[in-house]
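The block underneath contains the structure these notes are about, expressed in structure tokens.
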Protein chains: 2
Amino acid sequence: MKEIFAGGAPPAPAALAAKVRTLAPSMTRSMQRVAEAVAGDPAGTAALTVTGLAELTGTSEATVVRTARLLGYPGYRDLRLALAGLAAQQQSGRAPAVTADIAVDDPIADVVAKLAYDEQQTLADTAAGLDTVQLGAAVSALAAARRVEVYGVAASGLVAQDLVQKLLRIGQVAHAHSDPHLAVTNAVTLRAKDVAIAITHSGSTGDVIEPLRVAFEHGATTVAITGRPDGLVSQYADHILTTSTARESELRPAAMSSRTSQLLVVDCLFVGVAQRTYETAAPALAASYEALAHRHSPRGGGGSR
Amino acid sequence: MKEIFAGGAPPAPAALAAKVRTLAPSMTRSMQRVAEAVAGDPAGTAALTVTGLAELTGTSEATVVRTARLLGYPGYRDLRLALAGLAAQQQSGRAPAVTADIAVDDPIADVVAKLAYDEQQTLADTAAGLDTVQLGAAVSALAAARRVEVYGVAASGLVAQDLVQKLLRIGQVAHAHSDPHLAVTNAVTLRAKDVAIAITHSGSTGDVIEPLRVAFEHGATTVAITGRPDGLVSQYADHILTTSTARESELRPAAMSSRTSQLLVVDCLFVGVAQRTYETAAPALAASYEALAHRHSPRGGGGSR
DNA sequence: GTCACTCCTGAAAGATATTTTCGGGTCCGG
DNA sequence: CCGGACCCGAAAATATCTTTCAGGAGTGAC
């Protein structure tokens with residue numbers, strides 16, 4: 001008894017169930033029991049050792065090994081590996097049922113999956129819908145700017161701060177405003193080489209539009225990052241960057257996906273500017289990194305050894 | 001603060017590459033070599049025995065086993081099984097599409113595509129690596145909290161504010177701190193039913209750890225959102241939520257992906273809490289939405305038609 | 001600069017798991 | 001009823017994985 005198995009077949013990848021059925025007639029009773037268990041529950045079987053599977057099927061280790069051989073594997077170890085692969089495939093196969101809305105009684109694992117999926121979707125949409133010409137123009141304006149002012153309130157205010165934090169790290173003069181009064185008084189002082197950016201999902205947030213209008217009228221280059229390019233804010237914007245709008249629901253406020261979208265746009269702006277001003281940006285980034293190292297404790301997992 | 005390894009995570013099925021990246025900094029040199037080989041070629045590695053992998057990486061069997069343990073598996077055998085599953089998934093599934101790093105002379109369209117892809121990847125990794133048990137525990141604590149304090153500086157400070165903004169909208173009493181002194185003086189007043197959350201990518205930001213420690217010692221429930229579950233911050237955390245770490249580069253600072261990852265975690269926390277407190281959260285959300293409507297101009301696209 | 005200390009590291013012993021061997025048992029045909 | 005072929009599982013043999021232990025490199029303190 002040497003090569004019994006089907007025509008020198010290589011280790012079957014996924015066609016295992018089929019192979020079991022094909023070979024079943026040529027199997028002995030005990031081997032059939034083993035093969036059946038294997039085909040019926042790959043995942044469960046993959047978790048078992050030879051002895052375990054032997055006990056489960058009421059047979060012996062030897063029989064299990066013989067079955068594995070018959071199925072085309074060098075031994076049980078390899079069958080088990082293939083089984084694990086099969087299980088993983090099946091697992092991932094039936095995944096994408098996450099399109100549903102988040103419900104009140106969703107288990108926490110579903111919430112994680114759905115949120116992650118939605119935000120991924122938002123990113124894809126944003127990237128697809130972003131006008132690279134407008135983006136390039138905005139980057140050019142920023143790279144040449146003497147001073148940058150960013151307006152945003154609530155969730156968009158955080159995005160504004162994020163952009164400012166980044167710009168500061170590459171040596172740009174930037175400031176974020178969430179106080180509309182201060183923003184306006186500041187906008188009055190802007191001039192031709194300056195850039196003002198308004199971030200508003202709705203495109204109609206008065207507290208943000210007003211300072212942008214003032215900046216616009218004082219000759220600054222103005223940029224709007226909004227989900228509504230037809231909104232009021234666009235009237236005062238030289239460049240409009242459109243963020244995507246995902247469906248919202250009671251448990252998933254619009255702020256969530258608009259924030260994700262806005263952040264991607266802001267990241268693109270930052271990287272674009274960093275590219276254009278690489279000569280000064282690179283050392284500045286390095287320096288800021290260096291300076292922050294001291295704020296971290298030297299011990300306790302901080303050092304990468 | 002108990003187990004050193006990643007929050008007692010169950011064997012990760014597909015989040016292996018992410019886990020490797022997350023844990024890599026806390027690994028020793030030899031273990032990193034092993035982890036690298038494993039992450040780089042799951043299929044090839046799955047075919048090797050402990051001894052084989054040890055030889056391939058120029059280390060010893062002991063080191064291989066240690067690495068497997070660190071990655072959350074009981075031993076090498078189980079890691080190998082997971083690897084086989086991963087390989088099978090990759091085989092059948094999508095193209096990995098390894099994105100190159102962002103270069104200084106990349107056209108703007110490439111920058112957008114790469115950033116979007118990287119952030120999507122970060123989201124997937126985070127979702128896969130998030131310990132839902134820890135998350136559930138944190139949600140429970142938050143839902144029952146009398147008062148919530150969130151600590152974070154720099155980029156993490158914005159995430160902290162984002163969480164607070166959300167919690168406020170569903171009627172929770174929450175506050176964000178970026179001033180370490182104020183944070184500490186505030187932490188002193190926390191008591192048993194209160195929750196303190198520290199957000200730090202490095203896990204070793206003193207300005208954030210200190211208030212968390214104080215809160216911990218005063219009996220508050222403490223949560224750490226960090227990319228380094230082995231970091232100092234974990235010593236004072238009742239619940240540890242691990243964010244994922246993407247490879248960074250000169251033009252793509254770590255802050256970018258860690259922020260994305262942190263925001264996903266924060267969103268999950270928020271939705272979880274909103275679910276648990278639906279009775280009060282839903283009307284509060286509706287009310288805040290209503291109240292904000294007046295801040296938008298009635299004309300010019302403000303109304304949703 | 002030196003010393004003490006911690007922690008990494010691999011060799012080898014020890015424990016498990018897998019494969020092989022071997023003999024009893026069963027079934028069938030004569 | 002008897003002989004032969006072939007299943008089958010217990011146990012030995014082997015391979016693989018895990019644990020222990022001591023040497024050694026790197027690090028911080030003095």
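Below, all heavy atoms of this structure are taken into account, side chains as well, without hydrogens, waters or symmetry copies. Every chain is numbered from 1 and lettered A, B, ... according to where its sequence line falls, protein lines coming before strand lines.
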(message) In whole Å, I'd like the distance from the CG atom of B:L53 to the C1' atom of C:dT9.
(response) 16 Å
(request) Figure out the CE/C1' separation between B:M27 and C:dT9, and round it to whole Å. (result) 16 Å
(message) Regarding B:S258 and B:S261, do their side chains bring together a donor and an acceptor under 3.5 Å, going by distance alone?
(response) no
(message) If I take atom CG in residue B:L81 and atom C1' in nucleotide D:dC17, what distance separates them, rounded to the nearest angstrom?
(response) 14 Å
(request) May I ask you to evaluate whether A:S60 reaches the phosphate of D:dA10, defined as a side-chain N or O under 4.0 Å from OP1 or OP2? (result) no
(request) Write down the distance between CD (B:Q32) and C1' (C:dT9), rounded to a whole number of angstrom. (result) 15 Å
(message) So if I define the base as every atom that isn't primed, P, OP1 or OP2, how would nucleotides 16-29 of chain C read as a B/S/- string at a heavy-atom cutoff under 4.0 Å?
(response) -SBBB---------
(message) Under 4.0 Å, heavy atoms only, any strand: does B:G52 hit a base, just the sugar-phosphate, or nothing?
(response) nothing
(message) Taking ring-ring contact (aromatic ring centres under 6.0 Å, His included) as the definition, give me every residue that meets it alongside B:H177, ordered by chain and number, with sequence neighbours left out.
(response) B:Y151, B:H175
(request) Sort and list the pairs that fulfil salt bridge (Lys or Arg N to Asp or Glu O under 4.0 Å) and have at least one residue in residues 26-48 of chain A, not counting sequence neighbours. (result) none
(message) Just to verify, what does A:S30 make a side chain to side chain donor-acceptor pair (under 3.5 Å) with, not counting sequence neighbours?
(response) none
(message) Give the residues of residues 35-42 of chain A touching DNA chain C, defined as any heavy atom closer than 4.0 Å, sorted by residue number.
(response) none
(message) OP1 or OP2 of D:dC7 versus the side-chain N and O atoms of A:S30: is any pair under 4.0 Å?
(response) no
(request) Please answer whether the main-chain N or O of B:P229 pairs with a side-chain N or O of B:S234 as donor and acceptor at a distance below 3.5 Å. (result) yes
(request) Quick one: list whatever passes side chain to side chain donor-acceptor pair (under 3.5 Å) with B:S156, sequence neighbours left out. (result) B:Q262
(request) For the pair B:T243 (side chain) and B:G227 (backbone), establish whether a donor and an acceptor sit closer than 3.5 Å, ignoring hydrogens and angles. (result) yes
(message) Under a 3.5 Å distance rule, please check whether B:R191 uses its side chain to pair with a backbone N or O of B:A220 as donor and acceptor.
(response) no
